[in-house]
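To start, the structure under review is shown below, and the notes come after it.
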Amino acid sequence: MKLATWNVNSLKVRLPHVLQWLAENPVDVLCLQETKLTDDKFPIAAIEMAGYQVVFSGQKTYNGVAILSKLPITDVLKNNPRFQDEQQRILSATIDGVRVVCTYVPNGQSVDSDKYHYKLGWLAALHDWLADETGTHANLAVVGDYNIAPEDRDVHDPLAWVGQVLVSDKERAALKRLTQLGLHDAFRLFEQADKSFSWWDYRQLGFQRNKGMRIDHILLSGALATRCRACVIDRAPRKWEQPSDHAPVVATIE
DNA sequence: ATGGCTCGTGTAACGAGA
């Protein structure tokens, strides 16, 4: 199974990019974040024409997640059953024996904001729910935009970012707690180039200068990590016209 | 210099993202 995740920053704007990328990279499963579409506006027909089934959970203006799959999708669940949340940030489904959780972790805005506290509470609730899910599903993949750079090597300029949102100790500790449930960062199962990032600021030629961060992750249960043969960030669509600020991350599971 | 781009909303700036 080829499993990918991509924060598209508006599926309305990025639908052509998604279709082109799938044509060039016919992965089995693609998880999307920040669709920014209510469910009545979701482009089901265009995605089905491309050979994918799709489930989605959206809202107006913000957030929104979707799972595209070549193979049948079953047992769809919206949100974290343990966390009351108006914001549509989690969608789970079973595909080919793999439990896929597509997640868009809150950004947090800044460490002194209410949004930061919401992020930490949200992550704690995710941990508590996934503690059960890891027991229930041996083949579990929790993928998406985590809005956390796990280590300094995942940040273009760690000194400039010390203590800031996306890299703060509390956020990194929350992510580490997820990995301590037995979920492995697929990207770090393999040797990778230095300064590998999945997001680059639109401003100040961020991509051209590689001023980015690695904040989009594929976390795999032990059973899936053992079967994982590769994990790459595809920078190509970040070079296209009117790109998302994020690049897709792709894991190959035998 | 707390901006710089890009998005949705809605049709003018502004909040939010990261």
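Numbered from 1 within each chain, the chains take letters A, B, ... in sequence-line order.
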Quiz: residues 97-104 of chain A side-chain donor-acceptor pairs under 3.5 angstrom, not counting sequence neighbours:
unit_1, atom_1, unit_2, atom_2, d
A:R99, NH1, A:D75, O, 2.6
A:R99, NH1, A:T94, OG1, 2.9
A:R99, NH2, A:D75, O, 3.2
A:Y104, OH, A:E34, OE1, 3.4
A:Y104, OH, A:E34, OE2, 3.3

Nearest whole angstrom, please: distance from the [atom2] of [N] to the [atom1] of [X].
| X | N | atom1 | atom2 | answer |
| --- | --- | --- | --- | --- |
| A:W161 | B:dT2 | CH2 | C1' | 12 Å |
| A:K211 | B:dC5 | NZ | P | 13 Å |
| A:W200 | B:dG17 | CH2 | P | 20 Å |
| A:N63 | B:dC7 | CG | C1' | 13 Å |
| A:Q59 | B:dC7 | CD | C1' | 14 Å |
| A:H246 | B:dT6 | NE2 | P | 14 Å |
| A:D201 | B:dT6 | CG | C1' | 10 Å |
| A:M213 | B:dA18 | CE | C1' | 7 Å |

What string of B, S and - do you get for nucleotides 8-16 of chain B, 5' to 3', when a contact is any protein heavy atom under 4.0 Å? SS------S

Taking only N and O in the side chain of A:R203, is any of them less than 4.0 Å away from OP1 or OP2 of B:dA18?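 Looking at the OP1 and OP2 atoms of B:dA18, neither is under 4.0 Å from any side-chain N or O of A:R203.
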
Contacts of type ring-ring contact (aromatic ring centres under 6.0 Å, His included), residue A:Y116, not counting sequence neighbours: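 Once residues adjacent in sequence are excluded, A:Y116 has no partner under the ring-ring contact (aromatic ring centres under 6.0 Å, His included) criterion.
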
Identify, with sequence neighbours excluded, every residue that meets ring-ring contact (aromatic ring centres under 6.0 Å, His included) alongside A:F42.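 Partners of A:F42 under the ring-ring contact (aromatic ring centres under 6.0 Å, His included) test: A:F56.
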
Nearest nucleotide by nearest heavy atom, which residue falls closer to the 5' end of DNA chain B, A:V105 or A:Q204? A:Q204

Any pair counted as ring-ring contact (aromatic ring centres under 6.0 Å, His included), so long as it reaches residues 126-151 of chain A, sequence neighbours left out: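 Qualifying pairs: A:Y146-A:H217.
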
Pick the [atom1] atom in [N] and in [M], then give their distance to the nearest Å.
| N | M | atom1 | result |
| --- | --- | --- | --- |
| B:dC14 | B:dG4 | P | 12 Å |
| B:dA1 | B:dA16 | P | 26 Å |
| B:dT2 | B:dA18 | C1' | 14 Å |
| B:dG17 | B:dA12 | P | 25 Å |
| B:dG10 | B:dG15 | C1' | 14 Å |

How is the hydrophobic cluster of A:L159 composed, in terms of its other members, when Ile, Leu, Val, Met, Phe, Trp and Tyr link through side-chain heavy atoms under 4.5 Å apart, directly or indirectly?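 A:L159 clusters with nothing; isolated.
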
Taking the six-membered ring where the residue is Trp, are the ring centres of A:W21 and A:W240 under 6.0 Å apart?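 No: the rings miss the under 6.0 Å criterion.
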
Give me each pair satisfying salt bridge (Lys or Arg N to Asp or Glu O under 4.0 Å) with a member in residues 208-229 of chain A, each pair once, sequence neighbours excluded.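 Sorted result for residues 208-229 of chain A: A:D154-A:R214, A:D185-A:R214, A:R229-A:E254.
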
According to salt bridge (Lys or Arg N to Asp or Glu O under 4.0 Å), does anything in residues 129-150 of chain A pair up with another residue at least two apart or in another chain? List the pairs.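 Residue pairs passing salt bridge (Lys or Arg N to Asp or Glu O under 4.0 Å), neighbours aside: A:R82-A:D132.
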
Can you list everything that forms a side chain to side chain contact (heavy atoms under 4.5 Å, CB included) with A:D28? Sequence neighbours excluded, please. A:M1, A:K2, A:K70

Which label fits A:W122 and A:F83: parallel for a plane angle under 30°, tilted from 30 to 60°, or perpendicular past 60°?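 Perpendicular, since the angle between the ring planes exceeds 60°.
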
Identify whether any heavy atom of A:F207 sits under 4.0 Å from a base atom; if not, whether one sits that close to sugar-phosphate; answer base, sugar-phosphate or nothing. nothing

Sugar-phosphate only, base, or nothing, as touched by A:N7 at under 4.0 Å among non-hydrogen atoms: sugar-phosphate

Contacts under 3.5 angstrom, residues 189-197 of chain A side chains, donor-acceptor by atom type, not counting sequence neighbours:
unit_1, atom_1, unit_2, atom_2, d
A:Q192, NE2, A:F187, O, 2.8
A:Q192, NE2, A:C231, O, 3.0
A:S196, OG, A:A193, O, 2.7

Going by heavy atoms closer than 4.0 Å, what residues in residues 163-175 of chain A are next to DNA chain B? A:L166

If you take any heavy atom closer than 4.0 Å to DNA chain B, which residues from residues 142-152 of chain A end up in contact? A:D145, A:N147

Side chain A:K36, main chain A:T61, donor-acceptor under 3.5 Å: no

